[in-house]
Amino acid sequence: MKISVIGGAGYVGLITALGASSMGHEVIATDIDEKKVKNLKINLSPIYEDNLDSLLKFCNLHNKITFTTNSNDAIKNSDLVIVSVGTPTKINGEIDLSQVEMVTEYLKDSINNYTLIVIKSTLPITAVNLMKKELDQKFKSGIDYDIISNPEFLREGRAVHDFYNPDRIVIGGESKKSINILKEFYSPLIKRNLNIPNNIHVSDEKIPIVETNLPSAQMIKYGSNAFLANKISFINEIAQICESVEADVNDVIFGMGIDPRIGKNYMQPGPGFGGPCLEKDLLALVELGKHFELESTFMKAILERNERQVELIFKKITNELNDNSVITILGLSFKADTDDIRNSASVKLVNMLIEKGYEVRSYDPKAKYILKEKKYAQYDELYTSVETSNCIVIMTEWNEFINIDLNKVYELMDKKFIFDMRNILDKNDERLNKFNYFGLGN
Ligand code: UDX
């Protein structure tokens, strides 16, 4: 099939475009960012993601994929147009649909035979309706085009793996014809007929396909992300109570998780959920609620609890330290295995500590946070960043921190506080006895 992916240099778009090419489709990935497009042609990926570099190189060499800034030409020649542009949140909480509006214009200008428009971006149903309304001014729905929702569930850091090993493929459309075309698109993945590098793991488990109408598919995505966010706010609240009653949250999670109705996955207390998706989708649900005059008190509570988490961590640290302390923050990205600092609690904490007057250092294996501030420096080596420091705060669960050499750290540090805000160290490790060690919820 001839596929164009609009937003093809973005996070979801790039993985989808490469994935589609490895399924044997002829892919044109388009993006307005000229530099990213230029780099992608020479195998330079704009993001850090496990296995992405090797997949990009492999696809450029062996599969049918091209990168371009010309969306109009790409759409003209496509059977299927995958929309993967961003839908950021505006300062007032509303969803910024400007990129989707731009894509609608491309589509209006360029559709020239039946085209299936596949919505990968998490779009509120009201926005899909607007797109339809615009297209219907020029085309006939069901004859010239169809719109289908096919949400992605990729996790940053695991996105390549998740693309090839999805828990489910959700297809939400209004006609059998459109649903069948998308099933045909996915058929090589379902049959594991893929042209990919050997290092990418592909399981042979059957992939469930969930067929729904369009709004249900959108709601599966919103509901999933809201539920995941809910689990994190919930366990952070439980961890907080555990501290007051001297319970150990790790034991609590273990005991709760044995109940299969609950499970222990996605129940790790931490600095709160960050990243580009969970908060955005919760805010979108709150907005959607407003549109239909519903008050989403529950979604708001999840968000509020999340915002409070970094403040609780801040208080935990500042209660223990002198005003002139030097603090090293380990981990800047919103979670391990990504260089993404969007909505990172760690970055928020850095700023709160500087504001309070502390000298702050940071170290992250991949992420960068540049700040022109006398009292802040980012280091590019772990042990240099802790030398003469008074306190370490672990904010991201990178392997490098799980395997940290505590004896070496002890020698290097001056005063010895460790705040392990991911509970990645074993609090029973004897080497920790020499430190003032604080976990979360234990
Ligand atoms: C999420 C969804 O998991 C994915 O399906 C969707 O497509 C996009 O949004 P992502 O944002 O990449 O993926 O990260 P995820 O692994 O879900 O983590 C989100 C945040 O929750 C991170 O800040 C992470 O550190 C935090 N988290 C996650 C916890 O604090 N505890 C956990 O147990 C799990």
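In this text the structure is predicted, and so the values were computed from the model without any measurement. One-based numbering along the sequence shown. Each ligand, and each atom within it, is numbered from 1 in the order the structure gives.
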Going by the atom numbers of ligand 1, which of them fall below 4.0 Å from some non-hydrogen atom of [X]?
X: Cys277; value: 8 (C), 9 (O)
X: Gly272; value: 23 (O)
X: Lys221; value: 6 (C), 7 (O)
X: Glu156; value: 12 (O)

Is [X] close to ligand 1, meaning an N/O of one under 3.5 Å from an N/O of the other?
X: Gln268; value: yes
X: Leu228; value: no
X: Gly275; value: no
X: Gly274; value: yes

Sorted by chain and number, sequence neighbours left out, side chain to side chain donor-acceptor pair (under 3.5 Å) with Thr30 holds for Ser71

Glu295: what forms a side chain to side chain donor-acceptor pair (under 3.5 Å) with it, not counting sequence neighbours? Lys300

Donor + acceptor pair across side chains of [X], [Y] (<3.5 Å):
X: Glu156; Y: Tyr48; value: no
X: Thr338; Y: Arg158; value: no
X: Ser233; Y: Asn236; value: no

Record the part of [X] in heavy-atom contact with ligand 1 below 4.0 Å; permitted values are side chain, backbone, both and neither.
X: Glu279; value: neither
X: Lys280; value: neither
X: Met267; value: backbone
X: Asn225; value: side chain

Evaluate the criterion side-chain hydrogen bond (donor to acceptor under 3.5 Å, both in side chains) for residue pair Glu49 and Tyr11; output intermediate values, then yes/no. CA-CA 9 Å; Glu49 185 69 41; Tyr11 189 80; 2.7 Å; yes

Check if [X] has a non-hydrogen atom at a distance under 4.0 Å from any atom of ligand 1.
X: Lys231; result: no
X: Arg422; result: yes
X: Ser224; result: no

Please indicate whether Glu381 has more than 12 foreign heavy atoms, meaning atoms of other residues, nucleotides or ligands, lying under 6.0 Å from its CD. yes

Is atom OH of Tyr383 surrounded by more than 12 heavy atoms (other residues, nucleotides or ligands) closer than 6.0 Å?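 Yes.
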
What protein heavy atom sits nearest [atom], and how far off is it?
atom: atom 21 (O) of ligand 1; answer: Ile232 CD1, 3.1 Å
atom: atom 6 (C) of ligand 1; answer: Leu154 O, 3.4 Å
atom: atom 11 (O) of ligand 1; answer: Phe334 CE1, 3.7 Å
atom: atom 16 (O) of ligand 1; answer: Lys335 NZ, 2.9 Å
atom: atom 3 (O) of ligand 1; answer: Arg155 CG, 3.5 Å

Tell me which one of Glu311, Arg305, Glu307 satisfies side-chain hydrogen bond (donor to acceptor under 3.5 Å, both in side chains) with Gln309.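 With Gln309 as partner, side-chain hydrogen bond (donor to acceptor under 3.5 Å, both in side chains) holds for just one option, Arg305.
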
Does the side-chain hydrogen bond (donor to acceptor under 3.5 Å, both in side chains) test come out yes or no for Tyr363 and Asp380, once each step is laid out? CA-CA 6 Å; Tyr363 167 73; Asp380 48 22; over 6 Å; no

Is there side-chain contact between Met413 and Asn390, with at least one heavy-atom pair below 4.5 Å?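 Not in contact.
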
Check each of Phe153, Phe273, Tyr11, Tyr266 against atom 15 (P) of ligand 1 and report the one with the nearest heavy atom. Tyr266

A student comparing Asp337, Asp167, Leu278 should find that the heavy atom closest to atom 1 (C) of ligand 1 comes from Leu278

State yes or no: are the ring centers of His25 and Phe185 separated by less than 6.0 Å?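 Close enough - the centres of the two rings lie under 6.0 Å apart.
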
Looking at every non-hydrogen atom in both residues, tell me the closest pair between Tyr222 and Pro124 and how far apart they are. OH-N, 3.3 Å

